[in-house]
**Q** 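First the structure, which I've put down as structure tokens, then a few questions once you've had a look.
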Number of protein chains: 2
Amino acid sequence: MRDAYHEELDSISDSLVEMARLVGSAIGRATTAMLDSDLKLAENVIEADQRVDELQHELEARAIALLARQQPVATDLRIVVTSLRMSADLERSGDLAQHVAKLARLRYPDRAVPSDLHATILEMGQLAQRLMAKAAEVIITKDVDLALQLEQDDDEMDLLHRTLFQHLMDDRWKHGIETAVDVTLLGRYYERFADHAVSVAKRVVYLVTGEHADELQADAQPEIQAVPGAESA
Amino acid sequence: MRDAYHEELDSISDSLVEMARLVGSAIGRATTAMLDSDLKLAENVIEADQRVDELQHELEARAIALLARQQPVATDLRIVVTSLRMSADLERSGDLAQHVAKLARLRYPDRAVPSDLHATILEMGQLAQRLMAKAAEVIITKDVDLALQLEQDDDEMDLLHRTLFQHLMDDRWKHGIETAVDVTLLGRYYERFADHAVSVAKRVVYLVTGEHADELQADAQPEIQAVPGAESA
């Protein structure tokens with residue numbers, strides 16, 4: 001009975017890794033679709049999110065069945081509950097990748113991102129994908145040092161977000177309001193995506209080290225402080 | 001033993017209601033702080049979010065202790081797991097109210113919202129507060145009809161969001177890019193806040209009726225479709 005139980009725990013972990021890989025790929029492809037104004041690729045990303053949602057529902061059903069059947073306590077119980085939270089983070093990340101793809105589709109055949117912001121958005125997309133790849137690795141290896149790296153990567157995302165805002169607030173901005181709105185939303189999508197990747201890694205750290213959730217919470221993100229002139233939180 | 005158990009379940013439900021009331025009040029006060037450029041009120045909202053976070057942590061600890069000690073199955077198990085999800089929705093709503101307050105603080109003594117958008121933002125803030133008050137009532141009464149009302153209210157929020165975008169995209173927009181960015185983010189905060197209130201209500205419906213989470217999922221919100229000219233999802 002215990003063996004079947006640990007097999008089931010492993011399979012939940014496998015599903016989390018698969019979800020992380022799917023959403024990591026999705027944010028990369030959505031970014032490409034937007035920068036290249038590739039409608040097919042955008043639609044492909046939008047449709048593919050369904051698989052992420054399915055995986056989450058399957059995972060939740062299995063986790064709840066596991067709680068009911070095996071009634072785990074202590075660490076095992078925390079693993080199951082934490083898995084539910086990680087799957088929520090990953091499902092939401094998938095939605096955010098889908099939002100990027102929907103923006104690409106909405107502006108097609110135009111490009112949502114003006115050329116002078118192309119490099120910054122590309123970096124944000126790549127960084128988001130890398131963060132999620134590391135989050136997947138953290139789930140597999142439970143490597144606390146790697147998990148802590150994600151916070152540094154997230155600082156990099158904040159810097160990129162600030163760069164984006166500097167462009168927006170520059171008096172020489174010549175792309176009009178619609179593009180300003182698009183770029184504002186895009187910045188927020190990438191930043192939230194990164195937050196969820198960091199959150200996944202922190203939840204693993206919590207399981208491994210038992211550190212308090214207060215210190216590990218990644219949900220409150222300082223997007224307002226990314227605006228030039230913002231006071232710190 | 002069973003009695004203590006149901007008392008504990010009731011107290012988890014009480015905490016959810018208290019969280020919903022706190023974040024409902026927070027979004028109302030944050031809106032006032034922003035429209036009146038009231039720095040004190042903004043700071044009060046920012047600080048008060050700590051209590052919501054504390055309530056969430058307490059609730060999670062109690063829910064996990066309950067799972068470990070009482071090992072509920074079937075409906076009772078679902079109630080506990082669903083409570084964890086609702087508390088995550090409510091905690092996140094608190095963050096969003098805090099974001100609104102931080103924007104008020106950031107722009108003080110200026111106003112983030114230009115006068116011609118004052119009425120729309122006021123309506124969004126009031127609607128958000130009303131949605132959360134109804135979500136609290138749904139937790140208490142488990143009234144499915146009331147829960148379904150929240151979806152209609154959410155349609156109203158989408159309409160307000162669309163109005164906001166119409167202002168932004170209007171050629172006569174004269175408030176510059178910074179205000180456009182502020183208003184874009186504000187619109188998103190209110191919309192997400194409303195999504196979380198709807199999500200809480202839907203989770204109660206799921207517990208009562210056993211309907212599939214697929215049909216009840218409120219996480220994927222169509223903010224991009226709120227942009228004029230957007231194709232429907």
Side-chain angles (χ1 to χ4, degrees), chain A residues 46 49 53-54 56-57 60-61 63-64 67-69 71-74 77-78 80-81 84-85 88 91-92 94-95 98-100 102-103 105-106 165 168-171 173 175-178 180-185 187-188 212-214 217 219-225 227-231 233, chain B residues 46 49 53-54 56-57 60-61 63-64 67-74 77-78 80-81 84-85 88 91-92 94-95 98-99 102-103 105-106 165 168-171 173 175-178 180-185 187-188 212-214 217 219-225 227-231 233:
Chain A
I46 293 163
D49 190 51
D53 294 347
E54 280 167 16
Q56 192 205 8
H57 293 147
E60 289 190 348
I64 289 172
L67 288 174
R69 243 190 357 256
Q71 313 207 318
V73 293
L77 174 58
R78 286 202 171 265
V80 178
V81 171
L84 284 170
R85 287 187 191 134
E91 189 273 334
R92 184 75 201 133
D95 287 346
Q98 198 186 39
H99 290 349
V100 173
K102 282 183 175 173
L103 189 60
R105 182 175 69 179
L106 176 65
F165 271 108
L168 280 166
M169 299 305 175
D170 192 315
D171 288 341
W173 177 266
H175 307 296
I177 299 289
E178 183 180 277
V181 169
D182 287 350
V183 167
T184 301
L185 289 175
R188 179 128 182 106
H212 269 307
D214 294 55
Q217 195 81 9
D219 289 345
Q221 82 297 358
E223 83 297 336
I224 285 295
Q225 281 70 39
V227 183
E231 51 187 303
Chain B
I46 292 163
D49 190 51
D53 294 345
E54 280 167 15
Q56 192 205 10
H57 293 148
E60 290 191 347
I64 288 172
L67 288 173
R69 244 189 358 255
Q70 303 280 357
Q71 312 207 322
V73 293
L77 174 58
R78 286 202 172 266
V80 177
V81 171
L84 284 169
R85 287 189 191 131
E91 188 274 334
R92 184 74 201 133
D95 288 346
Q98 198 185 40
H99 290 348
K102 281 183 177 174
L103 189 60
R105 183 176 68 179
L106 176 65
F165 271 109
L168 281 166
M169 299 303 175
D170 192 314
D171 289 340
W173 177 267
H175 308 294
I177 299 289
E178 183 179 277
V181 169
D182 286 351
V183 167
T184 301
L185 288 174
R188 179 127 182 106
H212 270 306
D214 294 53
Q217 195 80 11
D219 290 345
Q221 82 295 359
E223 85 295 335
I224 285 296
Q225 280 70 40
V227 182
E231 49 189 304

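This one's a predicted model, so the numbers in the text were calculated from it and none came from an experiment. Naming convention: chains lettered A, B, ... in sequence-line order (proteins, then strands); numbering from 1 in each chain.
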**Q** Of the backbone (N, CA, C, O) and the side chain (C-beta and beyond), which part of B:Leu84 lies under 4.5 Å from a heavy atom of chain A, both, or neither?
**A** side chain
**Q** In chain order, what residues pass the salt bridge (charged side-chain N to carboxylate O under 4.0 Å, His left out) check against B:Arg78, with sequence neighbours excluded?
**A** none
**Q** With a 4.5 Å heavy-atom cut-off, do A:Ile64 and A:Val80 have their side chains touching?
**A** no
**Q** So which residue, B:Leu168, B:Val183, B:Asp49, ends up with the most heavy-atom pairs under 4.5 Å with chain A?
**A** B:Leu168
**Q** Does the side chain of B:Arg85 reach to within under 4.5 Å of the side chain of A:Glu60, using non-hydrogen atoms?
**A** yes
**Q** I'd like to check the side chain to side chain contact (heavy atoms under 4.5 Å, CB included) partners of A:Ala88; sequence neighbours left out, ordered by chain and number.
**A** A:Gln56
**Q** With chain A as the partner, which of B:Val73, B:Leu67, B:Ile177 has the greatest number of non-hydrogen pairs under 4.5 Å?
**A** B:Ile177
**Q** Would you mind checking which part of B:Leu77 comes under 4.5 Å of any heavy atom in chain A, side chain (CB onward), backbone (N, CA, C, O), both or neither?
**A** side chain
